[in-house]
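Right, one structure below, let's go through it.
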Amino acid sequence: QVQLVESGGSSVQSGGSLRLSCAVSRYAYSTYCMAWFRQAPGKEREGVAAIDSDGATSYAESVKGRFTISGDNAKNTVYLQMNTLKPEDTVMYYCAAERECSGSWFDGADFRYWGQGTQVTVSS
């Protein structure tokens with residue numbers, strides 16, 4: 001089965017940048033729908049960005065224009081480049097995988113594979 005391990009979470013000042021990584025094992029990420037989610041304690045899970053097996057991407061309105069999802073076939077890794085970070089971006093971020101992306105993927109209900117999460121903290 002697909003195994004996912006996130007890394008790259010850290011603390012950064014408001015307006016700064018971070019790049020999160022999702023290392024994929026056992027299967028090529030490019031054959032899956034890959035997505036990033038985030039969830040704060042006591043709040044609902046929020047879809048952040050997704051990339052399908054054809055390379056098409058989609059983003060939540062809250063991060064559009066600031067975040068970019070991409071992949072590296074040689075490293076079998078998916079990235080989330082986060083620019084112009086805001087304090088409200090402070091949350092745990094999770095990588096997820098499913099065979100195909102749906103038109104409405106944001107709640108993550110159809111994703112069967114999940115990483116353990118990586119913490120992002122943005123100070124004002």
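Linking Ile, Leu, Val, Met, Phe, Trp and Tyr whenever their side-chain heavy atoms come within less than 4.5 Å leaves Tyr113 and Tyr79 in two separate clusters. Residues Met82 and Met92 are members of separate hydrophobic clusters, defined by side-chain heavy-atom contacts under 4.5 angstrom among Ile, Leu, Val, Met, Phe, Trp and Tyr. Both Ile69 and Val24 sit in one connected hydrophobic cluster of ILVMFWY residues. Membership requires side-chain heavy atoms under 4.5 Å apart, directly or through other members. Phe106 and Tyr32 sit in two unconnected hydrophobic clusters of ILVMFWY residues. Membership requires side-chain heavy atoms under 4.5 Å apart, directly or through other members. Phe111 and Leu4 are not part of a single hydrophobic cluster, where members link through side-chain heavy atoms under 4.5 Å apart.
With 3.5 Å as the limit, one finds a donor-acceptor pair spanning the side chains of Tyr29 and Asn73.
Between the CZ atom in Arg19 and the CG atom in Leu80 there is a gap of 10.5 Å [rounded to 0.5 Å]. Between the CG atom of Asp110 and the CH2 atom of Trp105 there is a distance of 12.5 Å, given to the nearest 0.5 Å. Distance OG/Ser124 to CD/Gln13: 8.0 Å, rounded to 0.5 Å.
Scanning both residues, Phe37 and Gly47, for their nearest heavy atoms gives CD2-CA, 3.4 Å. Here the closest heavy-atom approach between residue Val2 and residue Ala97 is recorded as CG1-CB, 4.4 Å. For the pair Asn83 and Ser17, the tightest heavy-atom approach, listed with the atom from each and the gap, is OD1-OG, 2.9 Å. What you find for Asp89 and Val120 is that their closest heavy atoms are O-CG1, 4.1 Å. Residue Gln39 comes nearest to Arg45 through the heavy atom pair NE2-N, 3.5 Å, listed as atom of the first residue, atom of the second, then distance. Taking every heavy atom of both residues into account, Val63 and Val48 meet most closely at CG2-O, 3.5 Å.
Taking the ring centre of Tyr94 as origin, the terminal cationic atom of Arg38 falls outside the region bounded by 6.0 Å and 45° from the ring axis.
Between the side chain of Asn76 and the main chain of Ala23, no donor-acceptor pair closer than 3.5 Å is present. Using a distance-only test at 3.5 Å, with no hydrogens or angles considered, a donor-acceptor pair links the side chain of Asp52 to the main chain of Asp54. Looking only at distances, a side-chain donor or acceptor of Thr90 sits under 3.5 Å from a matching main-chain atom of Val122. Under the 3.5 Å distance criterion, the side-chain polar atoms of Glu6 are matched with a main-chain donor or acceptor of Cys95. In this structure, Glu98 contributes its side chain and Arg112 its backbone to a donor-acceptor pair below 3.5 Å. In this structure, Arg66 contributes its side chain and Thr84 its backbone to a donor-acceptor pair below 3.5 Å.
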Evaluate Leu85 against Phe67 for side-chain contact (heavy atoms from CB on, under 4.5 Å), listing each step before the verdict. CA-CA 9 Å; Leu85 284 162; Phe67 291 9; 4.0 Å; yes

Step-by-step side-chain hydrogen bond (donor to acceptor under 3.5 Å, both in side chains) determination, Ser62 to Glu88: CA-CA 10 Å; Ser62 60; Glu88 50 262 47; over 6 Å; no

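Summarising the local packing, CD of Gln116 is surrounded by more than 12 heavy atoms from other residues, nucleotides or ligands at distances under 6.0 Å.
Between Tyr59 and Trp36, the gap from one ring centroid to the other reaches at least 6.0 Å.
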